[in-house]
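Everything on this sheet refers to the single structure shown next.
Chain naming here is simple, since letters A, B, ... match the order of the sequence lines and numbering starts at 1 in each.
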Amino acid sequence: MMNRTAFIKFRGTNSFLLHSLSSFQFSTHTASLHSNVSSLIHKITNLNDALNLFDEMSHTRPLPSVVHFTQLLHLVTKMKHFSSSLHLFNQMCSLGVPVDKYSMSIAIKCCCQLYRTKDGFAVLGCCFRRAIPPNVYIFNALLDGLVLEERILEAEMLFKKLIKQKLCEPDVVMYNTMIKGLCKFGNNVTAIALLRLMEQKHCEPSIVTYSTIIDSLCKDKLIDDAFKLFKEMVSDKGILPNVITYTSLICGLCKFGRWDDASKLLKQMEDENISPDVKTFTALVDAFCKEGKVEEAEAVIDIMVERGEVPNIVTYNSLIDGYCLRGEMIKAKTVFDSLRLRGLVPDVVTHSSLLNGYCKNLNIEKAEEMFHEMTVKGLKPDVVTYSTMIQGFFQVGRCVAARRLVDEMHAQGQVPDQCTYGIVLDGLCNNHLVEGALSLFYLVGNSKLNSDIAVYNILIDGAGKNGKVEVARILFQGLIDKGLQPDVRTYNVMISGFCREGQLGEAKLLFLKMEESGCPPNNITYCVLLQGYLKNRHYDDVEMLLREMDDRGYSLDASTLSLFIDHIAAGLLDRSMLKLLGKLVPKELLNDPSLCDWE
DNA sequence: ACGCATGTCT
């Protein structure tokens with residue numbers, strides 16, 4: 001007894017709970033024990049208290065019922081302490097608590113949320129052995145695990161198998177989980193088809209069903225489709241949107257810079273008495289920061305605080321990133337240092353953001369310090385951290401250090417992703433190691449990594465910039481042969497490569513091919529081509545291109561504009577072109593004093 | 001008397 005009390009104290013229980021526990025211990029009557037455990041469970045707010053209560057319960061004789069243990073298990077799971085919860089479940093088994101379908105489903109959920117769906121299926125095996133027929137709750141947890149691990153094909157197979165073999169009747173939650181998986185995999189069309197199937201099967205889609213798909217559409221920049229579904233949900237189904245639905249839509253609008261629409265939607269929320277919460281506000285903070293409007297982001301934080309919402313680590317991570325983006329590293333670091341005072345713990349993302357800021361502002365030493373600091377704090381750099389640091393090394397020409405970090409990343413069990421691969425290829429190209437990039441590319445071969453147009457864009461750009469326009473041409477043909485679709489960037493880097501080599505005819509041919517390939521030239525295409533013409537003193541098409549730009553509502557970027565000014569000043573171009581050029585000066589450049597005296 | 005699904009950041 002003494003030992004146990006000491007143990008409880010050691011774990012930092014508050015005295016209030018200890019007191020409750022000691023009174024609980026001496027109650028022997030089953031009914032009073034019953035209500036006592038339930039009321040204790042309701043008072044628990046942290047993991048320590050939960051673990052201590054479990055400890056008490058496991059030493060009580062007769063043992064509390066499986067229901068009480070399950071309530072506690074659920075509580076710990078809700079706190080997202082899946083590991084602890086699983087540990088408690090194992091202890092329950094050791095104690096001989098007769099675990100049932102309820103506790104089993106929680107155990108399986110915990111396995112799955114820990115990216116151990118394999119173990120989840122093992123527990124399913126236990127269900128069969130213990131003659132506990134798995135139900136829709138258990139299968140949902142497993143399905144969710146497969147989705148979490150991005151094992152979408154297996155998720156689909158499980159889903160279909162459950163229906164076909166009538167292992168369980170899918171409920172709305174199961175449909176929603178499957179829909180989430182499809183959305184995660186970018187398959188909005190099938191997700192919506194599944195929503196229609198639900199209607200057919202008289203399993204009415206819920207607010208979660210709609211919110212899941214609406215969010216996915218927003219993330220895929222299909223805002224109009226998202227609003228179509230939103231309207232259907234409200235008008236046809238009579239389902240009222242909640243703060244989650246609104247947050248997805250507002251987030252989508254903000255990322256598109258559609259501030260007016262976002263603000264209308266915020267107002268609509270208020271009219272419906274739905275308050276924006278910390279996630280809604282954070283979406284706004286992030287969007288402002290990404291547009292460089294950090295002052296507005298700060299104002300949003302002030303408003304949320306006034307309204308009683310507490311900014312969390314995600315909010316501040318966005319703000320830190322905003323400062324980094326503007327190169328205001330001192331402010332970024334100040335916010336970082338203030339987090340602990342606010343009771344927040346900087347996480348891997350916080351460190352990675354600051355590290356990224358230092359890299360982008362070419363302060364590689366500070367970036368390395370940050371990388372070191374997080375490992376000292378026991379934070380594990382993830383694939384994003386490594387990728388950021390690798391990119392930083394490449395940017396300052398430290399290719400060997402970059403290479404070493406790729407190896408360390410492997411050693412630490414972090415698997416490089418598509419983004420890491422792109423960073424390495426780009427880094428090699430920009431450090432005159434195109435051959436190395438190409439070797440890596442051919443080594444990777446027909447893997448999924450090489451089925452991304454972005455990879456080709458990097459290599460073609462790298463080849464072009466290193467005077468290997470023939471290599472660029474081969475790569476371009478290669479991607480066509482593979483059935484990949486060149487995007488506007490592919491055309492731009494190809495055209496840029498041709499121009500650099502003075503192959504203006506080839507550049508023009510490709511430029512003309514864009515429209516007919518359903519990939520119309522963008523602002524950058526015109527600037528690239530015009531720069532090519534000017535640098536090669538080939539002026540025949542220049543005026544026509546400028547007129548086309550004007551028709552399309554495009555404008556010249558600063559470097560192209562200054563090139564034009566140089567050519568006019570040198571008498572290579574006629575001053576009569578100034579009027580046309582004037583129409584193509586972007587508004588933001590009109591206030592630039594360095595460009596005021598050009599006429 | 002106990003268990004499943006939706007939105008914010010690098």
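Arg151(A) has a carboxylate O that lies under 4.0 Å from a charged side-chain N of Glu154(A), or vice versa, which qualifies the two as a salt bridge.
For Asp277(A), counting side-chain heavy atoms from C-beta on, the closest listed nucleotide (dG7(B), dC2(B), dG3(B)) is dG7(B). Distance from the side chain of Val67(A) is smallest to dC2(B) among dG3(B), dC2(B), dA5(B). Considering only side-chain atoms of Lys279(A), the nucleotide from dT10(B), dG7(B), dA5(B) that sits closest is dG7(B). Ranking dA1(B), dT10(B), dA5(B) by closeness to the Ser65(A) side chain, first place goes to dA1(B). Closest to the side chain of Asp286(A), out of dC2(B), dC9(B), dC4(B), is dC9(B). Taking only side-chain atoms of Ser248(A), from C-beta outward, the nucleotide of dC9(B), dC4(B), dG7(B) with the closest atom is dG7(B). When distances run from any side-chain atom of Ile138(A) to the nucleotides dG3(B), dA5(B), dT10(B), the shortest one goes to dG3(B). With distances taken from any side-chain atom of Val314(A) to the nucleotides dT10(B), dG3(B), dC9(B), the minimum falls on dC9(B).
In this structure, the side-chain contact (heavy atoms from CB on, under 4.5 Å) partners of Lys219(A), at least two apart in sequence or on a different chain, are Asp215(A). Residues satisfying the side-chain hydrogen bond (donor to acceptor under 3.5 Å, both in side chains) test with Glu295(A), not counting sequence neighbours, are Arg326(A). Looking at residues two or more places apart in sequence or on another chain, you find a ring-ring contact (aromatic ring centres under 6.0 Å, His included) between Phe159(A) and Tyr175(A). Applying the side-chain contact (heavy atoms from CB on, under 4.5 Å) test to Asp302(A) and every residue at least two apart in sequence or in another chain returns nothing.
For the contact set between residues 193-213 of chain A and DNA chain B, defined by any heavy atom under 4.0 Å, the members are Ser206(A), Ile207(A), Val208(A), Ser211(A), Thr212(A).
For dT10(B), the base has a donor-acceptor partner in the side chain of Ser352(A) [N/O atoms by modelled type, under 3.5 angstrom].
Listed by first and then second residue, the side chain to side chain donor-acceptor pair (under 3.5 Å) pairs involving residues 155-173 of chain A are Asn140(A)-Asp171(A) (not counting sequence neighbours).
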